[in-house]
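Have a look at the structure below, then the notes.
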Amino acid sequence: MADYDIPKRLVQAQAAWYAVYQRLAAADNASETTVLRRQLQRLSVQIATDPYWATIPGHAPAARMALKQMAWQDEGR
């Protein structure tokens, strides 16, 4: 896997996305799931529209996978 200079803000946002997703998976309250789904949507938009992706044309898919792996590892999984 190539090395990418992924901004810390993206790694933090992806790690937050994983944390919210896990909370959603464990939620049993309809109002709580609504809030968590909205948080996931906001984080998804934040990640997908970050200006960083425009700086690596042609490499964004691989960099997105690297981001996911970095965030997953940062969370100690």
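FYI, side chains are in, hydrogens and waters are out, and symmetry mates aren't considered; it's all heavy atoms of this structure. The structure presented is a predicted model; accordingly, all values stated were derived computationally and were not measured.
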Closest non-hydrogen atom pair between [X] and [Y], with its separation:
| X | Y | result |
| --- | --- | --- |
| Ile56 | Ala63 | CD1-CB, 3.3 Å |
| Leu40 | Leu24 | CD1-CD2, 3.7 Å |
| Ala15 | Ala71 | N-CB, 3.6 Å |

With sequence neighbours excluded, what pairs up with Gln46 under the side chain to side chain contact (heavy atoms under 4.5 Å, CB included) test?
->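 With neighbours one apart ignored, the set is Ala13, Leu43.
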Quick one: which residue pairs count as a salt bridge (Lys or Arg N to Asp or Glu O under 4.0 Å) with a foot in residues 12-25, not counting sequence neighbours?
->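 For residues 12-25: none.
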Not counting sequence neighbours, list each pair that qualifies as a salt bridge (Lys or Arg N to Asp or Glu O under 4.0 Å) and has a residue in residues 50-73.
-> Arg9-Asp50
Verify same cluster id: Val11, Trp72 (apolar side-chain graph, 4.5 Å) |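 As far as the 4.5 Å side-chain criterion goes, Trp72 and Val11 are connected within one cluster.
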Could you pull out all residues at least two apart from Trp53 that satisfy ring pair (Phe, Tyr, Trp, His ring centres under 6.0 Å)?
->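 With sequence neighbours excluded, Trp53 shows a ring pair (Phe, Tyr, Trp, His ring centres under 6.0 Å) to no residue whatsoever.
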Can you tell me which residue pairs pass the ring-ring contact (aromatic ring centres under 6.0 Å, His included) test with a partner in residues 19-50, sequence neighbours excluded?
->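 Every pair satisfying ring-ring contact (aromatic ring centres under 6.0 Å, His included) with a residue in residues 19-50: Trp17-Tyr21.
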Could you list the residues that satisfy side chain to side chain donor-acceptor pair (under 3.5 Å) with Asp28, not counting sequence neighbours?
->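 Per chain and number, Asp28 pairs via side chain to side chain donor-acceptor pair (under 3.5 Å) with no residue.
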Separation between CZ of Arg38 and OG1 of Thr33, rounded to the nearest 0.5 Å =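 Atom-to-atom, Arg38:CZ and Thr33:OG1 are 10.0 Å apart.
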Does CG in Asp5 sit with more than 12 non-hydrogen atoms of other residues, nucleotides or ligands closer than 6.0 Å?
->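 Incorrect, the count does not exceed 12.
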